Amino acid sequence: MRFSKMLIPTAKEAPSDAVLPSHIYLLRAGFIQSVGAGLYNFLPLGKRSLDRVRQVVKEELDAAGCLEVDLAFVTPAELWRESGRFEKYGKELLRFTDRKENEFVLGPTHEEMMVNLVRQSVKSYKQLPLHLYQIKTKFRDEIRPRFGLMRGREFLMEDGYSFHKDEADMKREFDHMEATYSRIFTRLGLDFRVVEADSGAIGGSGSKEFMVLADSGEDTIVVCEGCDYGANIEAAVRAPKAAPEYEEGEAPEMSEGEFHTPGVTTIDALAEFFHLDPHHLIKAVAKKALYDEGKEAIVLFFIRGNDELEETKACNAVGANELIDVSEEELRAAGLTPGYMGFENLPEEISYRIDKELRGESDLIMGANREDYHRIGVTVPEFGDIFADLVAVQEGDCCARCGGRLHYTKGIEVGHIFQLGTRYSEPLGATFLDENGKSRPFVMGTYGIGVSRLLAAIIEQHHDDRGCIWTRESAPFDLEIIVSNIANDTEREAAEALYRTLSAKGVAVLLDDRKERFGFKMKDFELIGIPLGIVVGKKLAEGQVELIVRDGLERLDVAVEAVADEVLKRV
RNA sequence: CGGAGUGUAGCGCAGCCUGGUAGCGCACCUGCUUUGGGAGCAGGGGGUCGAAGGUUCGAAUCCUUUCACUCCGACCA
């Protein structure tokens, strides 16, 4: 392609609302254009990169035995009612009616549609396993779209769904997809980590996320420095937290009873009051849990004084759709005493959970559910269905697998794989006949890659202060040839010859033949970030051109006759 | 949805407080010069100042309403 014939509107300045390098550079280099909150147009360069990334995804999935399909974008609300997600998915689901007042939604994900497709055409275990996928625009009416392609409302996603006769085969496919996705992200030149994850709104048992490591990532992930354990903070686990080390006889011991603690309502104050490490205190965190059909309830979570509540875990522990903050007034109205809450002598209708690390622990202090009093010498029961993992792993905690130190890092979620089980096949009545002629629901897996988000993730990880640095398989072109002075016929003709030779050999070349000065074209080359550049300029008089590697901006002088081979070695 | 903020040319901004009919830089168009690091000179085009209503002889500016967008929280590929 010739630059002079392309539409590549590069800009010196970015809109002031762009913060992330990926957002700024994709806009400035003319890859995308903003049209509204979370909505983007892909311009020619952006479309080329998107297509190449999409191609990598498709090649690997096809090689892994998956079948590409393309489902309707507009989906009948009826299907969503059948699965019970029409209400549950919430406002993110864009709903509308057609002229006959029939309700539809714009597909944010396609479990229902895919199960519907399969239940109509697959009847026997002999047709299993089956893995169908599509690479298609999705729409989610995000509460707060931001960061350019990172979190748009409309985005390109690969979503795959696998159907199996049993759990074991579904797990086999799950591992197979972990390997396949890893190959995709490796080909795209990404530094990523596969981590344990929470299953979220999709539902199901086990799930893993593919996180591209980048400081600007929206997710906090916990990684072990000793082994390859990694998990989203929402699902991370640790070895039980050890008590502080004490000298002989210094460990706290206390008799049971109530203690007058006027005005001592925070963990810090309590620790100071008793001269105790917060490890021995029990913190009560109150939340309001929201359930289906507008039901709500106040729930208390009890954790160690030196721990923090992890909301996703807490939410799962009580089976709620969502947890929200609750005010002091609401607590008092429910018969609770803020600042002095404990799990003994609670009003009957208040439900609670205790962090599992506190199970059977003794010599603890917690609120007495009475103004100005705490209970001391508390022992947590050994049994009951009130225990759950509730706390956020902290930096410096120990790995449950190897005992190594755990650290936080930031990641961009670019892929997520789920072991779904029968979460959708059962309510939607999607069954097959097994070897014994018995009707059974499909055991499913589901898999997703944020294809358009990948473009942002690639730039987050591969850029410098001058612009984008595309990786080999994500770049819109393999090579850019810059004609230093287009008015110089010798230079122009040499560049044209190279352009023809390399294009004929299958290299995707962008020829910058614009009537601009050298510096201007160089800046654009650096901003756009095509991996390789050739400058045809002054050194042509000595029979040489300059080869530039965008990553690091290394330059080498190469003889004109040799440069094509040099390029072919590198693409 | 809760809190904060911004809407003036394609982009970045000034003008608003103290009303007098819109300006700067970049980009764009024409011509000449220039051609190894975002050129110079000369000329030119483009904005119902987010929208609606009000106050006033007169509103980008003051008042009211509304919409959009951005930022901080809960959501997610």
Side-chain angles (χ1 to χ4, degrees), chain A residues 9-19 23-24 27-28 30 33-39 57 89-93 108-110 135-147 149-160 181 197-202 207 209-212 218-219 232 234 287-288 290 311-312 315 321-325 411-418 446-457 466-467 482-488 491-492 514-527 535-540 545-546 548 553 555:
Chain A
T10 58
K12 241 190 224 180
E13 288 165 308
S16 54
D17 49 37
V19 210
H23 192 190
I24 293 171
L27 284 168
R28 278 190 52 204
Q33 190 180 56
S34 161
V35 273
L39 304 174
V57 173
Y89 211 89
K91 293 198 180 119
E92 244 171 74
L93 201 55
T109 172
H110 279 88
I135 299 174
K136 198 175 179 72
T137 298
K138 301 286 182 295
F139 190 90
R140 294 185 188 170
D141 200 358
E142 293 276 345
I143 305 159
R144 193 150 88 80
R146 63 188 130 171
F147 300 147
L149 293 185
M150 200 74 96
R151 179 183 294 284
R153 289 194 291 175
E154 186 181 311
F155 57 98
L156 189 67
M157 174 173 157
E158 180 274 323
D159 50 324
Y181 275 25
D198 176 66
S199 303
I202 309 283
S207 89
E209 289 170 333
F210 294 76
M211 291 285 184
V212 169
E218 294 186 83
D219 290 280
N232 192 306
E234 295 173 354
K287 291 281 172 187
K288 192 190 284 178
L290 305 183
E311 270 200 33
T312 305
C315 192
N321 293 339
E322 198 184 342
L323 293 182
I324 59 172
D325 289 340
I412 301 165
E413 185 187 353
V414 293
H416 201 157
I417 58 179
F418 297 84
T446 178
Y447 320 88
I449 294 180
V451 179
S452 47
R453 176 181 284 180
L454 271 172
L455 293 195
R466 300 181 182 213
I482 298 169
V483 187
S484 175
N485 179 2
I486 198 74
N488 178 320
E491 286 182 15
R492 203 191 68 240
R514 290 174 301 170
K515 193 170 173 278
E516 295 288 351
R517 295 163 65 94
F518 173 76
F520 188 90
K521 296 188 203 180
M522 235 2 240
K523 290 283 187 205
D524 271 356
F525 166 72
E526 288 161 351
L527 179 60
V535 176
V536 180
K538 281 192 167 157
K539 290 174 185 147
L540 192 62
V545 294
E546 202 168 45
I548 304 177
L553 292 173
R555 296 154 174 242

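Throughout, a chain's letter reflects where its sequence line sits, starting with A, and its residues are numbered from 1. Note that the coordinates shown come from a computational prediction; the quantities given were computed from them, not determined experimentally.
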Task: Length of the CZ-P vector between A:Arg146 and B:C76, whole Å - done: 13 Å
TODO: Using Watson-Crick or G-U wobble geometry with both distances below 3.5 Å, tell me the partner of B:A74, or none.
DONE: none
- [ ] Mind calculating the distance between CZ (A:Arg151) and P (B:A74) to the nearest angstrom?
- [x] 11 Å
Task: Interatomic distance where CZ belongs to A:Arg153 and P belongs to B:C76 [whole Å] - done: 17 Å
- [ ] Identify whether any heavy atom of A:Met157 sits under 4.0 Å from a base atom; if not, whether one sits that close to sugar-phosphate; answer base, sugar-phosphate or nothing.
- [x] sugar-phosphate
TODO: Provide the distance between the two C1' atoms, one in B:C76 and one in B:U61, to the nearest whole Å.
DONE: 43 Å
- [ ] Could you give the distance separating B:G25 and B:G20 at their C1' atoms, to the nearest angstrom?
- [x] 27 Å
- [ ] Please give the nucleotide sitting opposite B:U61 as a Watson-Crick or G-U wobble pair, both distances under 3.5 Å, or none.
- [x] none
Task: Opposite nucleotide pairing with B:U35, Watson-Crick or G-U, both atom distances under 3.5 Å - done: none
- [ ] Starting from P on B:U35, measure out to CG on A:Leu540 and report it in whole angstrom.
- [x] 17 Å
TODO: For A:Glu311, report the nucleic acid contact type (base, sugar-phosphate, nothing); a contact means any heavy atom under 4.0 Å.
DONE: nothing
- [ ] Please give the nucleotide sitting opposite B:C69 as a Watson-Crick or G-U wobble pair, both distances under 3.5 Å, or none.
- [x] B:G5
Open item on the list: In this structure, how many angstroms lie between the P atom of B:G36 and the NZ atom of A:Lys521, rounded?
Closed with: 11 Å
Open item on the list: In this structure, how many angstroms lie between the P atom of B:G12 and the CD1 atom of A:Ile24, rounded?
Closed with: 12 Å
Task: Carboxylate-amine/guanidinium proximity below 4.0 Å for A:Glu154 and A:Arg140 - done: no
Task: Heavy-atom side-chain contact between A:Asp325 and A:Lys288 under 4.5 Å - done: no
Open item on the list: Mind checking if A:Asp524 touches a base, just sugar-phosphate, or nothing, with heavy atoms under 4.0 Å?
Closed with: base
TODO: Give one of base, sugar-phosphate or nothing for A:Glu516, where a contact means two heavy atoms less than 4.0 Å apart.
DONE: base
- [ ] If B:G45 has a Watson-Crick or G-U wobble mate with both distances under 3.5 Å, name it; if not, just say none.
- [x] none
TODO: Map A:Ala11 and A:Asp219 onto RNA chain B by nearest heavy atom, then report which one ends up closer to the 5' terminus.
DONE: A:Ala11
TODO: State whether A:Glu218 and A:Arg151 are salt-bridged, where the test is any N-O pair (Lys NZ or Arg NE/NH1/NH2 against Asp/Glu carboxylate O) under 4.0 Å.
DONE: yes
Open item on the list: Closer than 4.0 angstrom, basic N to acidic O: yes or no for A:Asp159 and A:Lys136?
Closed with: no
- [ ] Indicate, with a heavy-atom threshold strictly under 4.0 Å, whether A:Asp325 touches base, sugar-phosphate, or nothing.
- [x] nothing
TODO: May I ask whether A:Phe520 stacks on the base of B:G38, given the cut-offs of 5.5 Å between ring centres and 30° between planes?
DONE: no
- [ ] Determine the contact category for A:Gly152: base if any of its heavy atoms lies under 4.0 Å from a base atom, sugar-phosphate if only primed atoms, P, OP1 or OP2 are that close, otherwise nothing.
- [x] base
- [ ] Look at all strands and tell whether A:Val451 reaches a base, only sugar-phosphate, or nothing, counting heavy atoms closer than 4.0 Å.
- [x] nothing
Open item on the list: Can you confirm whether A:Asp141 sits close enough to A:Phe139 that some side-chain heavy atom of one is under 4.5 Å from a side-chain heavy atom of the other?
Closed with: yes
Task: Whole-Å distance separating the CZ atom of A:Phe147 from the P atom of B:C75 - done: 15 Å
- [ ] Mind checking A:Gly415 for me? I need base, sugar-phosphate or nothing, with any heavy atom below 4.0 Å counting as a touch.
- [x] sugar-phosphate
- [ ] Could you tell me whether A:Glu234 contacts a base, only the sugar-phosphate backbone, or nothing, with contacts defined as non-hydrogen atoms closer than 4.0 Å?
- [x] nothing
TODO: Sort out the partner of B:G23 for me: Watson-Crick or G-U wobble, both distances under 3.5 Å, none otherwise.
DONE: B:C13
TODO: Could you measure between the two C1' atoms, the one in B:A59 and the one in B:G46, and give it in whole Å?
DONE: 23 Å
Task: Of the listed nucleotides B:A39, B:C75, B:C26, the one nearest the side chain of A:Glu92 - done: B:C75
Open item on the list: Closer than 3.5 angstrom, by distance alone: can the side chain of A:Arg453 be matched with the main-chain N or O of A:Val414 as a donor-acceptor pair?
Closed with: no
Task: Residue closer to the 5' end of RNA chain B, A:Val19 versus A:Val414 (nearest nucleotide) - done: A:Val19
Task: Any strand: nucleotide that pairs with B:U56 via Watson-Crick or wobble, under 3.5 Å - done: none
Open item on the list: Applying a 4.0 Å non-hydrogen cut-off, can you work out what A:Arg466 is touching in the nucleic acid: base, sugar-phosphate, or nothing?
Closed with: base
Open item on the list: So, under a plain 3.5 Å distance rule, would you say the side chain of A:Glu13 forms a donor-acceptor pair with the base of B:G25?
Closed with: yes
